[in-house]
Amino acid sequence: MPELPEVETVRRTLAPLWVGRMVQTVEIKRPDFVRLAPPGSKLKALGKGSTVTEILRLGKQMAVCFDDGRAVHLHLGMSGQVFVVPAGGSPERADHVHIRWKLDNGSSILFRDPRRFGGVWAFASIDELHRQRWNALGPDALAISTADLRLGLGRSTRAIKACLLDQTVLAGVGNIYADEALFLAGLDPHTPAADLAPAQTRQLASAIRSVLRAAVAARGSTLRDFMDAEMRSGSQQSRFRVYSRAGKPCRRCGRVLLGSTVSQRTTTHCPACQPRKRP
DNA sequence: CCTTAATCCTGGAAGC
DNA sequence: TGCTTCCAGGATTAAG
């Protein structure tokens, strides 16, 4: 479920609870949830005996960095949750917990993911993490510049929404915030990217930044199961202007919002506020 | 290049 | 109540 604002919310709530703490033990309940580490070395690769120095984020991806140089890449997929269980406490949900890090203060970090589209990748260094994963991603969407967006779109004829969902174009936008940003920019999601006028690309970059900033400020959106590292929900879902509102009136003009499909993803837009470009 | 469909999974909601 | 079907915040792969 998580897009950039939700992952950033997890990062911000997780960092104060994990950074500076030493991992005493790692419990791997589902070995196939961990990739790129020789089976015997997995516990050490996942941080056993090491102290967390920082937690990074690029787009929807997180990385936990350790004082021995290792980096563990976390991807939440559709249903992933990473949260803390305080010393002496017990998790609200213990099913589908695939990994548990026990820290030197008695607390635990749990990675829970019912659908298992997420996962954990262990790397020997941050360089290796970049080479194998993060270098393939576009610039972070939270600060996307007009120039970088224009570069990412190139002369592509794909629907603009398909481009926004493409993590190699820019990293962090998913189905919710793609619809929201296109509404704010006044663009039909089906518009071929190459048809955008320079001013429209500028408006779109600005819309992406402001939609994501607002969602981060609201601590993300909880549709069903998103929770931050302290098991609190986000609140941005109550402010959606188009996402999941097909058939309902536009909050700006009152027209009925249209549902469609782009890149096999449910899409909603306002035919009046987001007109198809004149041929 | 582009698009579509299928795939990996579980579980909640809607329909009958 | 119970059973079936569809749908979901993501991302990759193969096929056309």
Side-chain angles (χ1 to χ4, degrees), chain A residues 1-11 29-36 57-62 73-83 92-98 111-121 132-134 136-138 141 152-182 189-195 208 211-212 215-216 218-228 233-247 259-268:
Chain A
M1 74 166 287
E3 302 182 29
L4 185 151
E6 290 74 35
V7 177
E8 175 62 13
T9 299
V10 172
R11 192 196 68 77
K29 298 185 176 172
R30 222 182 215 285
D32 61 356
F33 205 65
V34 183
R35 337 281 167 86
L36 294 184
R57 181 193 59 75
L58 177 56
K60 307 170 189 175
Q61 324 296 322
M62 269 192 298
H73 167 104
L74 307 178
H75 179 50
L76 302 181
M78 288 279 258
S79 57
Q81 300 172 322
V82 178
F83 59 95
E92 293 178 31
R93 300 290 300 271
D95 54 337
H96 303 294
V97 170
H98 309 313
F111 195 150
R112 180 173 183 269
D113 185 6
R115 291 178 73 178
R116 280 183 276 135
F117 289 174
V120 164
W121 284 256
Q132 295 200 35
R133 291 253 133 191
W134 287 18
L137 300 172
L153 298 177
R155 314 254 4 110
S156 173
T157 59
R158 300 158 83 192
I160 183 61
K161 179 173 173 181
C163 296
L164 296 188
L165 295 174
D166 183 343
Q167 301 300 297
T168 68
V169 172
L170 77 170
V173 176
N175 204 32
I176 293 176
Y177 302 112
D179 275 10
E180 295 296 306
L182 288 165
H190 306 86
T191 309
D195 287 2
I208 293 166
V211 159
L212 295 179
V216 169
R219 309 170 59 84
S221 302
T222 297
L223 297 188
R224 187 165 52 239
D225 47 25
F226 169 71
M227 297 290 168
D228 68 17
S233 354
S235 65
Q236 188 66 10
Q237 65 281 2
S238 61
R239 302 203 187 87
F240 293 158
R241 299 200 239 188
V242 285
Y243 176 79
S244 81
R245 299 192 63 246
S260 62
T261 300
V262 175
S263 292
Q264 285 112 266
R265 311 300 298 276
T266 300
T267 297
T268 309

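Residue numbers begin at 1 in each chain, while the letters A, B, ... track the order of the sequences.
Side-chain atoms of A/R224 lie closest to B/dG12 of the nucleotides B/dT10, B/dG12, C/dA11. When distances are taken from the side chain of A/H75 to each of B/dG11, C/dG10, B/dC9, the shortest belongs to C/dG10. The side chain of A/R265 lies closest to C/dG10, out of C/dC7, B/dT10, C/dG10. Taking only side-chain atoms of A/S156, from C-beta outward, the nucleotide of B/dC2, C/dA11, B/dT10 with the closest atom is B/dC2. With distances taken from any side-chain atom of A/R158 to the nucleotides B/dC9, B/dC2, B/dG11, the minimum falls on B/dC2.
Panel note: side chain A/R224, backbone A/F226; no donor-acceptor pair is recorded below 3.5 Å. The closest donor-acceptor contact from the side chain of A/Q237 to the backbone of A/T222 lies under 3.5 Å. Formation of a donor-acceptor pair under 3.5 Å by the A/D179 side chain with backbone atoms of A/T268 is found in this model.
Computed from coordinates, the A/H73 NE2 to C/dG10 C1' distance equals 12 Å when rounded to whole Å. Summarising the geometry, the separation between CE on A/M62 and P on C/dG10 is reported as 15 Å, rounded to the nearest angstrom. As a whole-Å value, the separation of A/F226 CZ from B/dG12 P is 18 Å. Computed from coordinates, the A/L58 CG to C/dA11 P distance equals 11 Å when rounded to whole Å. At whole-Å resolution of the value, CZ in A/R116 and C1' in B/dT10 are 8 Å apart. Following rounding to the nearest Å, A/D113 (CG) and C/dA8 (P) show an atom-to-atom distance of 18 Å. For the pair A/D225 CG and C/dC7 P, the computed distance is 19 Å after rounding to whole Å. Between the C1' atom of C/dT12 and the CZ atom of A/R35 lies a distance of 12 Å, rounded to the nearest Å.
As judged by a 4.0 angstrom heavy-atom cut-off over every strand, A/A194 is placed among residues making no nucleic acid contact. Here A/T157 lies in heavy-atom contact (under 4.0 Å) with sugar-phosphate atoms only. Here A/Q61 lies in heavy-atom contact (under 4.0 Å) with sugar-phosphate atoms only. Contacts of A/F240 with the nucleic acid, taken as non-hydrogen atoms under 4.0 Å apart, are absent.
Between A/R115 and A/Q167, the one whose closest nucleotide on DNA chain C sits nearer the 5' end is A/R115. Comparing A/Q264 and A/N175 by the nucleotide of DNA chain C that holds the closest heavy atom to each, the one mapping nearer the 5' end is A/N175.
Distances shorter than 4.0 Å separate some side-chain N or O of A/T266 from OP1 or OP2 on C/dA8. When the side-chain nitrogen and oxygen atoms of A/H96 are compared with OP1 and OP2 of B/dC9, none of them lie within a distance under 4.0 Å.
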- request: Determine, stepwise, if the pair A/F33 / A/D113 fulfils side-chain contact (heavy atoms from CB on, under 4.5 Å).
  value: CA-CA 10 Å; A/F33 205 65; A/D113 185 6; 3.6 Å; yes
Under the 3.5 Å Watson-Crick or G-U criterion, the dot-bracket string of DNA chain B, with | for inter-strand pairs: .|||||||.|||||||
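Contact record, A/G77 with A/P2: O-CD, 2.8 Å, taken as the closest heavy-atom pair. Shortest non-hydrogen contact noted between A/F240 and A/R245 is O-CD, 3.6 Å. The two residues A/K161 and A/N175 have their closest heavy-atom pair at NZ-OD1, 2.6 Å.
Comparing B/dA5 with C/dC6, their P atoms are spaced 15 Å from each other, to the whole Å.
Counting only N and O atoms by type, the side chains of A/H73 and A/W134 include a donor and acceptor under 3.5 Å apart.
Here A/F117 packs flat against the base of B/dC8; its ring centre is closer than 5.5 angstrom to the base's six-membered ring, tilted by less than 30 degrees.
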